[in-house]
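Okay, structure first, notes after.
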Amino acid sequence: MKKDLTKSILDSLTALTKNGVISGDISFPPIHFEIPKDTKFGDLATNIAFLLAPTFKMPPRKLAETIIQNVSAWPEDIEKVEIAGSGFINLFFKPRFWHTTLKQIQDNPKEFCSPRLSKGEKINIEFVSANPTGPLHVGHGRCAVVGDVLARLLEKVGYQVTREYYLNDAGRQMEILGRSVLLRYYQKLGKNTDIPFLENGYQGEYIQDIAASIIEDKGDLYLSSPEEEVIPLFSKIAAEKILSQIKQDLALTRVRFDRWFSENSLYETKVVEKAITRLKAEGWIYENEGALWMKTTAVGDEKDRVVIRSSGEPTYYASDIAYHQNKFERGYARIIDIWGADHHGYVDRIKAVAKAFSIPEDTISILLVQLVRLLHGKTQINMSTRKATFTPLAEVIKEVGTDAARFFFLLRRYDTHLDFDLDLAKKQSSENPVYYTQYAHARICSIFRELEKQSLCLPPPDPSLLKIPQEIQIIQKLSLYPQIISEAAQSLEPHRITFYLIEVATLFHKYYNHYRVISDDLDLSAARLYLVSAVRTVIADGLQLLGISTPEKM
RNA sequence: GCGCCUGUAGCUCAGUUGGAUAGAGCAACGGACUUCUAAUCCGUAGGUCGCCCGUUCAAAUCGGGCCAGGCGUACCA
């Protein structure tokens, strides 16, 4: 439709230039249409008269009139054209247009719901990647859900997506983890009980549990072994146990991963070493004060960053350089990293890696998901993995349910701070908009159950019987679905889908409360069932995309 | 100090990429179940879009400057 309209208006504009209203070579800006928020302004509107007013040296309103007068033919489905305000051109469609649209949705719902943006290019999306040193907290949950829905969304529009979890199973924190377990192990067996716990150790109860389980398996076997031997073993045991807990938490959240990438493997296969050698040769890494530094200032970082400490130990950044090089070399058209916003200082470092390996800047997107502040009513809960003062994600999900938790995370833009009030979340079990949306779906299912019960013999649906403004409005809203999907995928903003679905549900609930779908008028009933079934198609598709269930009864 | 994010109704948030009279939900108040599910609907009330300049026919949206909050600013991960 927009294409035809563009043609009509463009024809008029070229006619105007030929008639000598203006002279010279004119290149017209692209004609942009938008859907007015008020239906009295029509189905589509364009601001072209404003944009061209200076070129034509005419007031916008006058120009709009001139343009309309010179249109030789509007598309068939245009009912009327109006000029409003100081120069908007408002276009009104014939109802027929919307009836055909509805038919298109129903004829091929699958194709309608999944617009193609890609022919199968590969995308890597890395998210959560929480260290295996403790259970996931609510902040991780937000990243998990946002990442998961982005992955689903990109898959839907045609990309081939790899969901990846980068596992930090190397380095100093693993040592601290092992040492924390060891201390609890000693304590439980009555050794060194007078020594205070590690300043920077992990203090959570789960550490005690791990120590206890080791005692259960092996008793005091390690009591007299040297620490250098026991600590690596304990970190390994602890990391494995915690990782399996993390996997459970993710499963509970309905988040799945395709690949678990071990940081440690980068050292074992010498990939880190090779990457550093290469960057050194290319002048990206230099030596100073006994340490190796990466020139991150080249991409605007405020200072260069250490890659290898003067002690010879690599920093976290070293393996991350290798990790990203590895991702670049795996041939993805696009790489998306989703991080908690507290890592934002790290963005320049990764950009430097991309630049050093000559990766175009727009290949890699780093999404910073803003922090979640956990509240109990008005009191804030501090979150620290080390001190274990956080509330585990699993606990929250068990309280409010997976559907509600996911919906809640998707109900705000990921780059805004999120206050998660546990008290409210519990209350929201009946107020949460997720139920509102699901309820619309359930109600429609119920209509069809009723239909079966009455065993009516309906004629084939005739969409042209849908004449009430609310019915047209619903079709208009439904017709936007593919566009919403595309925009959400392009801008990487899953929340748009959530808001859209609530809007669809709202229109449906209002309609349902005012009009009966099944009535004595069988022709009308058939047409309305046709409409309502399209609503169900879109809501179900959208909820599935968000990883939320579509109950048939509530 | 510097950098990133945020500031919209009492609360929690949207705002079609610069459009027309700024919208929802919750909370408050008043109404609607003999009906395909009332987890719903209808109505009332609620605003200096943090503040000030600027760009524009047009600014919540873009630019600059302030103010406030959060986060970051390690040879930690």
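A, B, ... follow the sequence lines: proteins, then strands. Residue 1 opens every chain. Since the structure is predicted, the reported quantities are computational estimates derived from the model, not experimental observations.
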*Between A:Ala341 and A:Ala84, which has a closest nucleotide on RNA chain B that is more 5'?*
A:Ala84
*Considering heavy-atom distances to RNA chain B, does A:Phe448 or A:Ser310 have its closest nucleotide positioned more toward the 5' end?*
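Residue closer to the 5' terminus by nearest nucleotide: A:Phe448.
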Given the [atom1] atoms of [N] and [M], what is the spacing between them in whole Å?
N: B:rC41; M: B:rG64; atom1: P; value: 43 Å
N: B:rU8; M: B:rG69; atom1: C1'; value: 16 Å
N: B:rU61; M: B:rA20; atom1: C1'; value: 15 Å
N: B:rA68; M: B:rC51; atom1: C1'; value: 11 Å
N: B:rC52; M: B:rA59; atom1: P; value: 15 Å
N: B:rU40; M: B:rG1; atom1: P; value: 48 Å
N: B:rC2; M: B:rU48; atom1: C1'; value: 32 Å
N: B:rU6; M: B:rG10; atom1: P; value: 22 Å

*Between A:Tyr316 and A:Arg349: side-chain donor-acceptor atoms closer than 3.5 Å*: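 No pair is found: no donor N or O on one side chain lies under 3.5 Å from an acceptor on the other.
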_Donor-acceptor pair between A:Ser262 and A:Tyr166 side chains, under 3.5 angstrom_ = no
Plane angle bin for [Y] and [X] - parallel if under 30°, tilted between 30 and 60°, otherwise perpendicular:
X: A:Phe261; Y: A:Tyr323; answer: tilted
X: A:His137; Y: A:His140; answer: parallel
X: A:Tyr286; Y: A:Trp293; answer: parallel
X: A:Phe88; Y: A:Phe50; answer: perpendicular

Between [atom2] of [N] and [atom1] of [X], the distance in whole Å:
X: A:Tyr436; N: B:rA39; atom1: OH; atom2: P; result: 13 Å
X: A:Phe408; N: B:rG25; atom1: CZ; atom2: P; result: 17 Å
X: A:Leu410; N: B:rC13; atom1: CG; atom2: C1'; result: 14 Å
X: A:Ile484; N: B:rG15; atom1: CD1; atom2: P; result: 11 Å
X: A:Tyr435; N: B:rA39; atom1: OH; atom2: P; result: 14 Å

Which is true for [X] with a 4.0 Å heavy-atom rule: it touches a base, it touches only sugar-phosphate, or it touches nothing?
X: A:Ile518; result: base
X: A:Asp415; result: sugar-phosphate
X: A:Ser519; result: nothing
X: A:Ala291; result: base
X: A:Ala442; result: base
X: A:Lys37; result: base
X: A:Asn90; result: base

_RNA chain B contacts among residues 497-515 of chain A, heavy-atom distance under 4.0 Å_ =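 Output list: A:Phe499, A:His509, A:Lys510, A:Tyr512, A:Asn513, A:His514, A:Tyr515.
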*asked:* If the glycosidic angle sits within 90 degrees of zero it is syn, else anti. Tell me which applies to B:rU17.
replied: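 Nucleotide B:rU17 adopts syn.
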*Under the 6.0 Å and 45° cation-pi test, does A:Lys2 pair with A:Phe33?*
no
*Reading RNA chain B 5' to 3', how would its secondary structure be written in dot-bracket notation, given Watson-Crick and G-U pairs with both distances under 3.5 Å, brackets [ ] for crossing pairs and | for partners on other strands?*
(((((((..((((.....[...)))).(((((.......))))).....(((((..]....))))))))))))....
*Donor-acceptor pair under 3.5 Å: do we get one between A:Glu289's side chain and the base of B:rC75?*
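Yes, the side chain and the base share a sub-3.5 Å donor-acceptor pair.
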OP1 or OP2 of [N] versus the side-chain N and O atoms of [X]: is any pair under 4.0 Å?
X: A:His32; N: B:rU17; value: yes
X: A:Arg516; N: B:rU35; value: no
X: A:Arg413; N: B:rG15; value: yes
X: A:Arg443; N: B:rA39; value: no

*Atom CG in A:Asp337, atom NE2 in A:His324: separation rounded to 0.5 Å?*
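Reported value, rounded in 0.5 Å steps: 3.5 Å.
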*Please report the closest heavy-atom contact between A:Ser235 and A:Met174, naming both atoms and the distance.*
CB-O, 3.1 Å
*Taking side chain as C-beta onward, heavy atoms only, is A:Phe127 less than 4.5 Å from A:Glu164?*
no
*Could you list the residues that satisfy salt bridge (Lys or Arg N to Asp or Glu O under 4.0 Å) with A:Glu302, not counting sequence neighbours?*
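Per chain and number, A:Glu302 pairs via salt bridge (Lys or Arg N to Asp or Glu O under 4.0 Å) with no residue.
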*Is there a stack between A:Phe41 and B:rA20, judged by ring centres under 5.5 Å and planes under 30°?*
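Base of B:rA20: stacked against A:Phe41.
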_Testing A:Asn131, A:Thr133, A:Asn168 one by one against A:Gln173 for a side chain to side chain donor-acceptor pair (under 3.5 Å), which residue passes?_
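Testing A:Gln173 for a side chain to side chain donor-acceptor pair (under 3.5 Å) against A:Asn131, A:Thr133, A:Asn168 leaves exactly one candidate, A:Asn131.
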*Please determine, for the side chain of A:His344, which listed nucleotide (B:rC71, B:rC5, B:rU12) has the closest atom?*
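From the listed options, B:rC71 comes nearest.
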